Amino acid sequence: MEATHCHIVVLISGNGSNLQALIDSSLASNFKIAAVISNRPNAFGLQRAERDNIPTRVIDHTSFDSRDAFDSALGDAIEEFNPELIVLAGFMRILGSEFVNRFEGRVLNIHPSLLPKYPGINTHQRALDAGDEEHGVSVHFVTADLDGGPVIAQERVPVLKDDTAEMLAARVLEKEHLVYPKVVSWYASGRLEMQEGNAVLDHEVLPPTGVIIHP
Ligand code: NHR
Ligand code: GAR
């Protein structure tokens with residue numbers, strides 16, 4: 001059984017609740033978390049990994065002179081574990097094109113908005129400020145275009161009257177914890193790949209929204 005598992009490395013910067021969802025689902029799924037790497041030494045997600053005896057590394061971006069030097073050390077730390085897939089889960093450093101080319105087609109990110117709306121940070125407040133009636137989460141392949149890689153899946157949540165950014169973020173996060181393990185298992189089973197800049201699932205090019213997950 002072990003030999004058939006897809007090995008993944010998860011990159012985090014903070015709390016790691018998406019990491020926890022991946023840890024919990026990996027027990028009954030087709031992927032194994034080979035390591036967790038954080039750019040922040042105090043990320044709580046590191047403790048979640050240690051609790052489950054998953055190897056951890058810290059590559060602290062503040063101790064590098066340049067983005068390229070950080071990216072290259074991060075890439076080397078990842079390669080130590082020979083993963084088939086790299087999963088960004090609340091990872092907050094922009095990765096340069098050299099990193100992206102090194103691992104092309106093998107990096108996923110989860111982003112708390114309905115891309116192409118609101119790439120970058122502060123997505124929940126931006127959705128509120130725009131008066132959007134719905135908001136949500138996207139999982140996409142990482143390319144050199146920040147939050148602009150092909151979308152694999154999206155799930156929507158309603159924006160409610162009197163929502164604060166925190167309330168909305170919590171509603172989105174609940175969906176994130178369901179969507180991400182599902183998409184990772186698609187990749188692990190060989191159903192999902194990036195081809196010529198498209199997300200392809202079961203040999204079909206996905207639409208710009210990716211698969212729309214219904215609750
Ligand atoms: N890198 C590439 N090349 N492509 C993507 O699509 C990426 C990426 C790196 C991270 C996650 C992304 C998100 O889901 C992500 C996608 C950080 C920033 C950011 O502005 C923006 C988007 C994302 C992550 N980071 C600041 C920076 O200067 C630092 C912010 C901080 O440390 O708090 O790197 O939203
Ligand atoms: C999640 O909402 C994730 O989508 C978002 O940060 C949160 C991390 O939570 N990611 C980004 O904004 C990436 N720039 P977690 O650490 O509990 O998984």
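Every number for a ligand or one of its atoms is a count from 1 in the order of the listing. This is a predicted model, so every value here is computed, not measured. Keep in mind that the numbers below use all heavy atoms, side chains included, and drop hydrogens, waters and symmetry copies.
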Give the residue and atom name of whichever protein heavy atom lies nearest to [atom], and the separation in Å to one decimal.
{"atom": "atom 11 (C) of ligand 2", "value": "Met92 SD, 3.8 Å"}
{"atom": "atom 2 (C) of ligand 1", "value": "Thr143 O, 3.4 Å"}
{"atom": "atom 32 (O) of ligand 1", "value": "Arg40 NH2, 3.3 Å"}
{"atom": "atom 24 (C) of ligand 1", "value": "Phe91 O, 3.6 Å"}
{"atom": "atom 3 (N) of ligand 1", "value": "Leu95 O, 2.7 Å"}
{"atom": "atom 18 (C) of ligand 1", "value": "Ile94 CG1, 3.8 Å"}
{"atom": "atom 9 (C) of ligand 1", "value": "Arg93 O, 3.1 Å"}
{"atom": "atom 12 (C) of ligand 1", "value": "Asp147 OD1, 3.4 Å"}
{"atom": "atom 6 (O) of ligand 2", "value": "Gly90 CA, 4.0 Å"}
{"atom": "atom 16 (O) of ligand 2", "value": "Gly16 N, 2.8 Å"}

So, 4.0 Å and heavy atoms of [X]: is ligand 1 close enough to count as a contact?
{"X": "Asn39", "value": "no"}
{"X": "Gly149", "value": "no"}
{"X": "Thr123", "value": "no"}
{"X": "His61", "value": "no"}

Could you tell me which atoms of ligand 1, counted from 1 in the order shown, lie closer than 4.0 angstrom to a heavy atom of [X]?
{"X": "Val100", "result": "3 (N)"}
{"X": "Ile110", "result": "14 (O)"}
{"X": "Val142", "result": "2 (C), 4 (N), 5 (C)"}

If we only count N/O pairs under 3.5 Å, is [X] in contact with ligand 1?
{"X": "Leu88", "result": "no"}
{"X": "Asn109", "result": "yes"}
{"X": "Gly148", "result": "no"}
{"X": "Leu146", "result": "no"}

Which ligand 2 atoms, with their elements, are less than 4.0 angstrom from a heavy-atom of [X]?
{"X": "Pro112", "result": "4 (O), 5 (C), 10 (N), 11 (C), 12 (O)"}
{"X": "Ser17", "result": "15 (P), 16 (O), 17 (O), 18 (O)"}
{"X": "Leu173", "result": "1 (C), 2 (O)"}

**Q.** Between Asn39 and Ser13: side-chain donor-acceptor atoms closer than 3.5 Å
**A.** yes
Q. Going by atom types only, do Thr123 and His111 share a side-chain donor-acceptor pair under 3.5 Å?
A. no
Q: Please indicate whether Asp202 has more than 12 foreign heavy atoms, meaning atoms of other residues, nucleotides or ligands, lying under 6.0 Å from its CG.
A: yes
(Q) Does Glu98 have more than 12 heavy atoms from other residues, nucleotides or ligands lying within 6.0 Å of its CD? (A)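 Count not over threshold, so no.
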Contact between [X] and [Y] at the side-chain level, heavy atoms closer than 4.5 Å - yes or no?
{"X": "His135", "Y": "Asp163", "answer": "no"}
{"X": "Lys117", "Y": "Asp132", "answer": "yes"}
{"X": "Leu22", "Y": "Phe31", "answer": "yes"}
{"X": "Asn15", "Y": "Arg48", "answer": "yes"}
{"X": "Leu160", "Y": "Leu168", "answer": "no"}
{"X": "Pro116", "Y": "Val151", "answer": "no"}
{"X": "Ile152", "Y": "Tyr187", "answer": "no"}
{"X": "Leu178", "Y": "Ile213", "answer": "no"}

Q.
Would His124 count as a polar contact of ligand 2, with the cut-off being nitrogen or oxygen pairs under 3.5 Å?
A. no
Q. For Glu176, is at least one N or O under 3.5 Å away from an N or O on ligand 2?
A. yes
Q. Between His111, Met92, His140, Arg67, which one has a non-hydrogen atom sitting closest to atom 31 (C) of ligand 1?
A.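 When every heavy atom of His111, Met92, His140, Arg67 is considered, Met92 comes closest to atom 31 (C) of ligand 1.
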Q. Is Asp71 salt-bridged to Arg102, going by a charged N under 4.0 Å from an acidic O?
A.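 Arg102 and Asp71: not salt-bridged.
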Q: Report the C-alpha separation of Thr62 and Asp60 in whole Å, then their side-chain angles, then the decisive distance to 0.1 Å, and conclude whether the side chain to side chain donor-acceptor pair (under 3.5 Å) test is met.
A: CA-CA 5 Å; Thr62 64; Asp60 184 346; 2.7 Å; yes
**Q.** Minimum-distance pair of heavy atoms, taken over all atoms of Phe91 and Ile12
**A.** CD1-O, 3.6 Å
Q: Let me see the working for Arg40 and His61 under side-chain contact (heavy atoms from CB on, under 4.5 Å), right down to the final yes or no.
A: CA-CA 8 Å; Arg40 294 194 181 275; His61 65 276; 4.1 Å; yes
Q) Do any heavy atoms of Ile121 fall under 4.0 Å from ligand 2? A) no
